[in-house]
Student: 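Sharing a structure with you now.
Heavy atoms only: backbone and side chains are in, while hydrogens, waters and symmetry mates are out. In each ligand, atom 1 is the first atom listed, and ligand 1 is the first ligand listed.
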Amino acid sequence: MTHRSTELRLDETPGEECGVFGVYAPGQDAAHIISFGLFALQHRGQESAGIAASNGQTTTVFKDMGLVSQVFDETKLAALPGHLGIGHTRYSTSGSTIWENAQPAYRHIEQTGIALAHNGNLTNTAELAAGLEDDSSATDSELMLNAIAAHLDDGRSDGRQLEQALTKVLPQLEGAFSLVVMDQGHLVGARDPHGYRPLCLGSLPEGGWVLASETAALDLVGATFVRDVEAGEMVVIDAGGVRSLQPFGEVDPRLCVFEFVYFARPDSNLYGQNVHGARQRMGSRLAAEAPVEADVVVPVPESGIPAAQGFSAASGIPYADGLVKNRYVGRTFIEPTQMLRDRGIRLKLNPIPENLRGRRIVLVDDSIVRGSTTRQLVRMVREAGAAEVHLRISSPPYRWPCHYGMDTGDRSRLLAAQLTVEEIEQFLDADSLAYLSLEGLEESAGGTRLGFCNACLSGRYPTPVSEAADKFMLEQRQ
Ligand code: SF4
């Protein structure tokens, strides 16, 4: 079965990543718990959803294109028995948007079923594939499963074959990976040595453990936050509890700073910081760095709301809703007609002229990636009667492509890679434009001592990357 997505993407915000979730809960129904966890992680990927579950004897996997609510119902969940499982919501950063690439990836290897779900993007897939003589894997996840399979048949009989294979395979991987992996008796979570993508551990009220991309997913299943899985850490969960292993040599935490800007849910905590609070601080700092005389602060919903609140509080300029978001049209599998395409941004946002007319507006958004949506937005606010439009962006100019799991395309598609800030201001037809400084962003997110990746904003990549690491590299090998 192959479904090609015809989804309509109306925004130009960075492509989301993926959400991963894992459960080890003796005596409980893992698939139901996972489905709720995936609902909480839906914002990280809307292209496909999947669950693998095991009762200790067999492993069952179900995955399909679409939202969690479209993929799973009671009947499908009932067909996924067991106390142990993993789940995934996918946004394709490696491989096309087709059913075969949905996760969890699964292989039956050496008498056991192994399933893997991955958030991030590997940057050494060509070397890995060459080493494994693998010319068929279409995604990072399949390649990782093949690497695990190559190390699994070592004759161990203590039930720790998966754990041992992972300690050999994980150090060979480069790039970004937060993983949940399972066999029929163990749940494993791991983060790469830079910890680009988040992963946390929670405990369930009736016993058992949960791994999740974001803390907000723990809340939804009633789990208590225990701690973050650390950068470079591997946790193994089984009948004996939770064990921590350190399979990597050097560890250098570099959590993606864009998790704070855009990706993560506002009700999640990262590095112990509430994301909503961090976004408000970004807005406050922006008001201090780039003040402007204006009548009202208006957010671009929903991503610009906390920063606009912070800007308003710090500047004393009143906050007002000037744009309304249609929450249900952002991603649809309906092919738009040309007439609808021409409606452009109005399918997603519509102005409230009463709050804009005759006023000097500070329009606050979290980022500008390609720019044409922002340009339409400024025009729409002007047409609604705004006297002036001052754009304030709560992150620095986005100038370099991400190789660690965010889908923005190459530099030619990044507005700030092509134009200076003054040229962008003209292109967008704004009365003024200012971005938050990198220092201001990282201090708002808790301080540089915590360790952040900011490569897309600074050009300083924590690991060597090449254009060969681009999104469809694996497919082009085929
Ligand atoms: Fe995040 Fe940017 Fe680093 Fe990618 S390059 S991981 S988006 S900070």
Side-chain angles (χ1 to χ4, degrees), residues 11-20 43-45 91-94 118-125 140 173-179 191-199 213-214 228 231-232 251-265 268 270-271 273 275 278-279 282 303 365-370 393-417 435-471 473:
D11 58 358
E12 292 185 340
T13 43
E16 291 89 342
E17 315 198 338
C18 298
V20 298
H43 63 291
R44 297 183 73 87
Y91 178 90
S92 66
T93 51
S94 160
H118 172 213
N119 175 202
N121 193 51
L122 300 186
T123 54
N124 67 332
T125 44
D140 291 358
L173 310 179
E174 289 175 14
F177 51 92
S178 280
L179 302 172
R191 285 176 81 196
D192 65 76
H194 295 293
Y196 295 99
R197 302 291 154 222
L199 189 67
S213 291
E214 292 185 33
D228 289 323
V251 169
D252 174 24
R254 297 280 175 169
L255 178 64
C256 168
V257 79
F258 246 79
E259 293 280 352
F260 279 97
V261 173
Y262 171 77
F263 292 140
R265 282 173 60 131
S268 284
L270 298 167
Y271 273 156
Q273 315 283 317
V275 171
R279 289 176 184 164
M282 291 171 205
S303 52
D365 204 355
D366 60 359
S367 56
I368 301 174
V369 177
R370 289 168 205 159
I393 307 299
S394 60
S395 61
Y398 195 104
R399 293 200 169 103
W400 283 271
C402 175
H403 293 282
Y404 307 121
M406 182 161 103
D407 179 21
T408 52
D410 61 29
R411 286 200 83 192
S412 65
R413 304 181 71 185
L414 303 175
L415 187 66
Y435 292 85
L436 182 61
S437 67
L438 184 55
E439 186 188 23
L441 170 60
E442 295 194 346
E443 284 179 6
S444 303
T448 50
R449 71 191 157 75
L450 294 173
F452 293 105
C453 175
N454 54 35
C456 52
L457 312 171
S458 67
R460 294 189 293 270
Y461 291 90
T463 53
V465 290
S466 72
E467 290 306 309
D470 271 355
K471 181 178 175 184
M473 193 279 294

Student: Val369 versus Leu415: any side-chain heavy-atom pair under 4.5 Å?
Tutor: no
Student: What protein heavy atom sits nearest atom 3 (Fe) of ligand 1, and how far off is it?
Tutor: Cys453 SG, 2.3 Å
Student: Is any side-chain heavy atom of Val275 closer than 4.5 Å to one of Arg265?
Tutor: no
Student: So, taking the atom named CD1 in Ile393 and the one named CE in Met282, what distance separates them when rounded to the nearest 0.5 Å?
Tutor: 13.0 Å
Student: Taking non-hydrogen atoms only, is His194 closer than 4.0 angstrom to ligand 1 via side chain, backbone, both or neither?
Tutor: neither
Student: Please test Asp365 against Ser303 for side chain to side chain donor-acceptor pair (under 3.5 Å), starting from the C-alpha separation and ending with a verdict.
Tutor: CA-CA 7 Å; Asp365 204 355; Ser303 52; 3.2 Å; yes
Student: Which residue supplies the protein heavy atom nearest to atom 1 (Fe) of ligand 1, what is that atom called, and how far is it?
Tutor: Cys256 SG, 2.3 Å
Student: List ligand 1 atoms under 4.0 Å from Met406, heavy atoms only on the residue side.
Tutor: 7 (S)
Student: Looking only at heavy atoms, what is the nearest atom pair of Leu450 and Tyr271, with distance?
Tutor: O-OH, 2.9 Å
Student: Which atoms of ligand 1 have any heavy atom of Tyr404 under 4.0 Å away?
Tutor: 6 (S)
Student: Is the shortest heavy-atom distance from the side chain of Leu255 to the side chain of Tyr196 under 4.5 Å?
Tutor: no
Student: So, 2.8 Å as the limit: is an N/O/S atom of Cys456 located closer than that to atom 1 (Fe) of ligand 1?
Tutor: no
Student: Yes or no: does Arg197 have any heavy atom under 4.0 Å from an atom of ligand 1?
Tutor: yes
Student: Can you tell me if, anywhere in His403, an N/O/S atom lies at a distance from atom 4 (Fe) of ligand 1 that is smaller than 2.8 Å?
Tutor: no
Student: Got Phe258 and Cys456 here, is their nearest side-chain heavy-atom distance under 4.5 Å?
Tutor: yes
Student: What protein heavy atom sits nearest atom 4 (Fe) of ligand 1, and how far away is it?
Tutor: Cys402 SG, 2.2 Å
